[in-house]
Amino acid sequence: MEHIILETSRLLLREMRVSDMDSLSSILRDDKVMYAYNGAFNEEETEQWMQKQLQRYKDFGFGLWAVLKKDTGEMIGQCGITMQEYNNELVPEIGYLFAYKYWHKGYATEAAMACREYGFEKLQFDALYSIIRDTNIASQNVAIRNGMHIVGSMVKYYRGEVMPHVVFCVRKS
């Protein structure tokens with residue numbers, strides 16, 4: 001029996017495992033999905049991404065989780081909480097990444113909202129962030145629907161590129 005971390009009306013979230021590599025690859029190796037990362041990952045980058053998630057589970061007890069459709073069990077994306085650098089400190093960030101065919105169906109918002117509640121109730125964070133590339137309007141809209149507001153900006157350097165990001169935050173009420 002798999003250990004389900006979160007459940008919503010349509011989704012299950014659980015830790016990823018090596019057997020999820022094919023599903024993860026189909027997401028990370030899609031140029032449409034990975035446009036905010038300047039294009040699809042290759043096989044090595046995909047393997048590194050998986051290893052990073054597995055290490056996050058060991059280090060923090062949380063990370064990006066596999067998002068499964070309840071009705072089919074299919075892995076349709078990732079969503080979870082990771083520790084990211086912002087203003088010279090580590091902050092908990094809600095991140096999400098979904099297969100293209102599942103965009104604009106409310107899955108990212110549904111999963112992100114569940115992660116917000118988990119972050120406040122189970123992990124006892126006082127604030128949660130989403131750090132989103134400035135060109136990624138769809139993800140910014142998910143952050144807004146998740147009750148977040150813009151609190152700043154930052155630049156990330158990824159794959160040799162300068163990438164401006166908008167920083168969103170929601171505080172525990």
Side-chain angles (χ1 to χ4, degrees), residues 2-17 20 24 27-28 33-34 36-37 41 45-46 48-68 75-99 102-103 106-159 163-173:
E2 21 183 61
H3 174 66
I4 302 302
I5 294 160
L6 290 170
E7 183 173 346
T8 70
S9 61
R10 301 182 294 167
L11 305 171
L12 299 171
L13 281 73
R14 64 156 170 78
E15 286 187 0
M16 281 192 295
R17 48 189 181 237
D20 293 321
L24 181 64
I27 296 166
L28 297 182
V33 171
M34 299 302 288
Y37 291 83
F41 280 15
E45 290 168 316
T46 301
Q48 289 171 353
W49 182 275
M50 173 64 86
Q51 290 308 314
K52 188 175 197 175
Q53 304 321 311
L54 298 177
Q55 191 62 48
R56 284 175 168 153
Y57 304 152
K58 291 176 187 169
D59 292 346
F60 300 105
F62 55 87
L64 291 178
W65 298 305
V67 178
L68 312 172
M75 181 179 164
I76 64 169
Q78 297 178 290
C79 187
I81 301 171
T82 61
M83 299 305 292
Q84 300 290 333
E85 192 168 315
Y86 173 60
N87 279 347
N88 297 315
E89 64 179 306
L90 286 180
V91 299
E93 185 205 23
I94 297 174
Y96 31 87
L97 191 61
F98 283 78
Y102 294 105
W103 287 12
Y107 292 121
T109 299
E110 187 175 324
M113 291 174 94
C115 287
R116 180 191 67 210
E117 294 309 309
Y118 186 89
F120 288 147
E121 300 305 317
K122 298 277 191 222
L123 301 177
Q124 295 295 304
F125 289 119
D126 292 325
L128 293 161
Y129 295 79
S130 282
I131 302 168
I132 303 168
R133 186 144 181 212
D134 65 341
T135 57
N136 191 344
I137 303 305
S139 285
Q140 291 178 34
N141 287 333
V142 171
I144 291 166
R145 285 191 293 274
N146 200 16
M148 295 183 161
H149 303 280
I150 296 173
V151 295
S153 63
M154 64 182 286
V155 173
K156 289 188 176 189
Y157 300 91
Y158 194 73
R159 291 175 145 182
M163 298 184 182
H165 282 65
V166 180
V167 181
F168 289 82
C169 180
V170 62
R171 300 206 172 274
K172 191 173 187 175
S173 51

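Just so it is clear, the values below take in all heavy atoms, side chains as well, and ignore hydrogens, waters and symmetry mates.
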Exercise for the section: Measure the CD1-CD1 distance between Ile76 and Ile27 for me, rounded to the nearest 0.5 Å. Expected result: 8.5 Å
Handout entry: Name of the residue among Ile4, Ile5, Asp20 meeting side-chain contact (heavy atoms from CB on, under 4.5 Å) with Glu15
Key = Ile5
Exercise for the section: Decide if atom NZ of Lys156 counts as having more than 12 heavy atoms of other residues, nucleotides or ligands within a radius under 6.0 Å. Expected result: yes
Practice task
Answer whether the closest heavy-atom distance between the side chains of Phe41 and Arg159 falls below 4.5 Å.
Solution key: yes
Completion exercise
Rounded to the nearest 0.5 angstrom, the CD1-CZ distance for Ile94 and Arg116 is 7.5 Å
Handout entry: Main-chain N/O of Thr8 paired to Glu110 side chain as donor or acceptor, under 3.5 Å
Key = no
Practice task
Working to the nearest 0.5 Å, report the span between NE2 of His149 and CZ of Arg171.
Solution key: 11.0 Å
Exercise for the section: Name all pairs fulfilling the side chain to side chain donor-acceptor pair (under 3.5 Å) condition that reach into residues 78-87, sequence neighbours left out, sorted by first residue then second. Expected result: Trp49-Gln78, Thr82-Gln84
Exercise for the section: Please round to the nearest 0.5 Å and tell me the distance separating atom OG of Ser130 and atom CD1 of Ile81. Expected result: 9.5 Å
Fill in the blank from the handout: Residues at least two apart in sequence or cross-chain that pass side chain to side chain donor-acceptor pair (under 3.5 Å) with Tyr107, listed by chain then number, are none
Exercise for the section: Answer yes or no: does atom NZ of Lys172 have more than 12 heavy-atom neighbours from other residues, nucleotides or ligands under 6.0 Å? Expected result: yes
Handout entry: Side chain proximity check, Pro92 to Met83, heavy atoms < 4.5 angstrom
Key = yes
Exercise for the section: Flag the pair Val91 / Phe125 as yes when at least one side-chain heavy-atom distance between them is below 4.5 Å, and no otherwise. Expected result: no
Exercise for the section: Calculate, to the nearest 0.5 Å, the distance between atoms NE2 and OG1 belonging to His165 and Thr135 respectively. Expected result: 8.0 Å
Exercise for the section: Please report the closest heavy-atom contact between Ile137 and Asp134, naming both atoms and the distance. Expected result: CD1-O, 3.9 Å
Completion exercise
Tightest non-hydrogen contact, residues Ser139 and Ile132, listed as O-CD1, 3.4 Å
Handout entry: Glu45 vs Met34 side-chain heavy atoms within contact, under 4.5 Å
Key = no
Exercise for the section: Could you grab the distance from atom OH of Tyr57 to atom CZ of Phe62, nearest 0.5 Å is fine? Expected result: 11.5 Å
Problem - Flag, side chain of Arg133 to backbone of Ala36, donor-acceptor distance under 3.5 Å - result: yes
Problem - Closest non-hydrogen atom pair, Leu13 against Cys115 - result: CD2-SG, 3.9 Å
Exercise for the section: Could you tell me which non-hydrogen atom of Val167 sits nearest to which non-hydrogen atom of Tyr129, and how far apart they are? Expected result: CG1-CD2, 3.8 Å
Practice task
Specify the closest pair of heavy atoms between Tyr96 and Ala143, including all atoms of both residues, with the distance to one decimal.
Solution key: OH-N, 3.4 Å
Problem - Note, Phe168 side chain near Val166 side chain (heavy atom, < 4.5 Å) - result: yes
Completion exercise
When every non-hydrogen atom of Phe98 is compared with those of Ala111, the smallest separation belongs to CZ-CB, 4.1 Å
Problem - Min side-chain heavy-atom separation Met50-Thr46 under 4.5 Å - result: no
